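Accompanying notes for the structure given below.
A quick note: this is a predicted structure, and the numbers were derived from the prediction, not measured. Every number for a ligand or one of its atoms is a count from 1 in the order of the listing. Heavy-atom basis, side chains included; hydrogens, waters and symmetry copies ignored.
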Amino acid sequence: MVRSALVASQLIAAAAAVRPFVNEPDTGLQDFLFSTNYTEGTLPPLRDMRGLPDFDYAARQVLDGQMYSFYRTAAAGEWSYRNNLEIWEKVKFRPHQLAGHEGLNETMGVSILGYNFSAPFFISPATRAAYGDPERAEINFVDAAAEADILYVSALYASKSIEEIGEAKRAHNNTLNGPQVTFQQIYSNANLSVTWDAIARAEAQNAKAIVWTIDAPGSSTRHRAARYDTTNANSVTSYLTWDLYEEMKNHTTLPIILKGITTVEDALTAVERGVPAIWLSNHGARQVDHSPSPLEIAYEIYRNAPQVFSQVEVLADSGVRYGSDVLKLLALGVKAVGLGRPFMYSNVYGLEGPQKVIEILKSEILQDAAQIGITDLSNIDPKRLNMRALESTVYLAEE
Ligand SMILES: Cc1cc2nc3c(=O)[nH]c(=O)nc-3n(C[C@H](O)[C@H](O)[C@H](O)COP(=O)(O)O)c2cc1C
Ligand SMILES: *[C@@H]1O[C@H](CO)[C@@H](O)[C@H](O)[C@H]1NC(C)=O
Ligand SMILES: *[C@@H]1O[C@H](CO)[C@@H](O)[C@H](O)[C@H]1NC(C)=O
Ligand SMILES: *[C@@H]1O[C@H](CO)[C@@H](O)[C@H](O)[C@H]1NC(C)=O
Ligand SMILES: *[C@@H]1O[C@H](CO)[C@@H](O)[C@H](O)[C@H]1NC(C)=O
Ligand SMILES: *[C@@H]1O[C@H](CO)[C@@H](O)[C@H](O)[C@H]1NC(C)=O
Ligand SMILES: *[C@@H]1O[C@H](CO)[C@@H](O)[C@H](O)[C@H]1NC(C)=O
């Protein structure tokens with residue numbers, strides 16, 4: 001009796017301890033703003049943006065419901081969206097003390113397909129940047145990326161055309177690569193001549209790689225956006241097959257990166273087929289609910305086929321918000337990590353928004369790496385991570 005009462009009370013306590021999901025963990029942003037002359041519904045001062053989640057709050061104050069919900073939306077019950085943000089806490093660091101970190105800052109650079117960048121993160125392709133900045137839209141991303149020497153991957157359905165982005169890019173000739181390097185994301189269209197045309201336009205604007213989004217065979221279920229009758233940017237159904245990949249190679253000399261790999265099997269097939277780079281992603285949880293986060297995908301590959309990380313360049317995105325998130329993916333073997341929403345939200349500040357996102361993330365990566373005893377960002381020992389909590393969910397091929 002006593003025992004079962006105890007168990008019951010423990011269960012109740014455990015249930016009460018489950019914390020509700022918070023879109024932006026409370027680190028005092030609102031308390032602080034309301035202690036100043038800040039008026040809700042207006043854009044908070046940029047100087048008060050101290051972390052990437054702060055930009056979500058800021059964008060929500062000034063974008064109308066339709067626009068904000070388009071950026072924020074995810075598939076169905078948004079369980080994957082929440083998982084993308086919450087999964088990171090499952091992997092704990094094992095900080096290694098007295099390791100020294102002299103020269104750490106010199107190891108932040110990364111090469112992606114032979115191009116040099118100053119940091120292991122980049123701007124993921126996302127449509128409709130004009131919601132944030134009606135005039136400059138994606139041009140802010142082009143400029144901020146060039147100035148900070150990070151990669152920008154422009155979206156096929158960006159507010160600015162491939163040609164306008166190309167023109168903005170030509171203003172930047174003094175990056176680590178000389179002229180600015182960008183990659184172009186595409187969706188394939190059921191009418192393939194539309195697809196070949198998009199690739200030709202990207203080549204004409206000197207994009208250095210094609211990022212083919214393979215996780216969007218058609219519209220997806222998005223309740224939050226549907227309330228405003230907002231449709232997916234990509235609603236053209238096309239048949240996504242490995243044959244189409246082979247055919248696409250005949251239509252471009254550029255490397256084709258596959259964006260949207262979510263399993264070890266598909267990663268291995270990509271390696272077999274000589275794909276130069278794969279991009280682990282659940283599309284910011286916008287395509288199908290209960291799709292895995294990049295941490296889970298990277299861990300599945302790490303456990304089943306760790307050689308993949310040296311056979312092909314591995315990029316990843318979805319749910320990255322902190323320097324420590326970046327470090328966890330790098331430790332598993334990911335080369336560079338993309339961010340979508342934080343950049344889109346930050347664009348409500350114009351150019352200074354994405355600039356600040358980059359500055360914050362660079363500084364968090366360096367500070368956190370030093371705390372953890374990482375001495376070389378390009379070669380992080382996976383032993384810096386305790387991944388036991390992922391163990392119960394990982395798919396193991398031999399089972
Ligand atoms: C508003 C918005 C539009 C997007 N549009 C595209 C797109 O056109 N093509 C694409 O491949 N991915 C698109 N994505 C997905 C991003 O490339 C990226 O995978 C995702 O945003 C990463 O998750 P995060 O937002 O949590 O960082 C979009 C994401 C957002 C938020
Ligand atoms: C609000 O306070 C900040 C300094 O905290 C000041 O720069 C700004 O001008 C003030 N704004 C208004 C509308 O009073
Ligand atoms: C790294 O830090 C050292 C010492 O603070 C500094 O001299 C050097 O310029 C920094 N290098 C980079 C790439 O920031
Ligand atoms: C940058 O270089 C390109 C090609 O070499 C040239 O067309 C363009 O005018 C240059 N831009 C600037 C701002 O110098
Ligand atoms: C990248 O950096 C390496 C080493 O500094 C250099 O050899 C290479 O030429 C650079 N690549 C480009 C595309 O600038
Ligand atoms: C396919 O797209 C091209 C434009 O690239 C257009 O000329 C053609 O009519 C389209 N074909 C069909 C069947 O819609
Ligand atoms: C690609 O081009 C090669 C050589 O031109 C040809 O043999 C092959 O059938 C083409 N493949 C596809 C899938 O179109």
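Close to ligand 6: V194, with a non-hydrogen atom less than 4.0 angstrom away.
Atom 8 (C) of ligand 7 has as its closest protein heavy atom N250 ND2, 3.8 Å. S193 OG, 4.0 Å is the protein heavy atom nearest to atom 4 (C) of ligand 6. Scanning the protein for heavy atoms near atom 1 (C) of ligand 6, the closest one is N191 ND2, 1.4 Å.
With a 4.0 Å cut-off on non-hydrogen atoms, E106 touches ligand 3 through its side chain and not its backbone.
For atom 14 (O) of ligand 6, the nearest protein heavy atom lies closer than 4.0 Å. Within a 4.0 Å radius of atom 11 (N) of ligand 7, the protein has at least one heavy atom.
Aromatic pair W79/F21: ring centres not closer than 6.0 Å. Residues F32 and Y38 place their aromatic rings such that the two centres sit no closer than 6.0 Å. The ring of Y131 has its center closer than 6.0 angstrom to the ring center of Y71.
Checked for salt-bridge contact, E78 and R72 meet the test: a charged N lies under 4.0 Å from a carboxylate O.
The option from L366, N105, T107 that lies nearest to atom 3 (C) of ligand 3, judged by heavy atoms, is N105.
The distance from atom OG1 of T107 to atom CD1 of I380, rounded to the nearest 0.5 Å, is 8.0 Å.
E296 places a side-chain N or O within 3.5 Å of a backbone atom of S293 that can act as its donor or acceptor partner.
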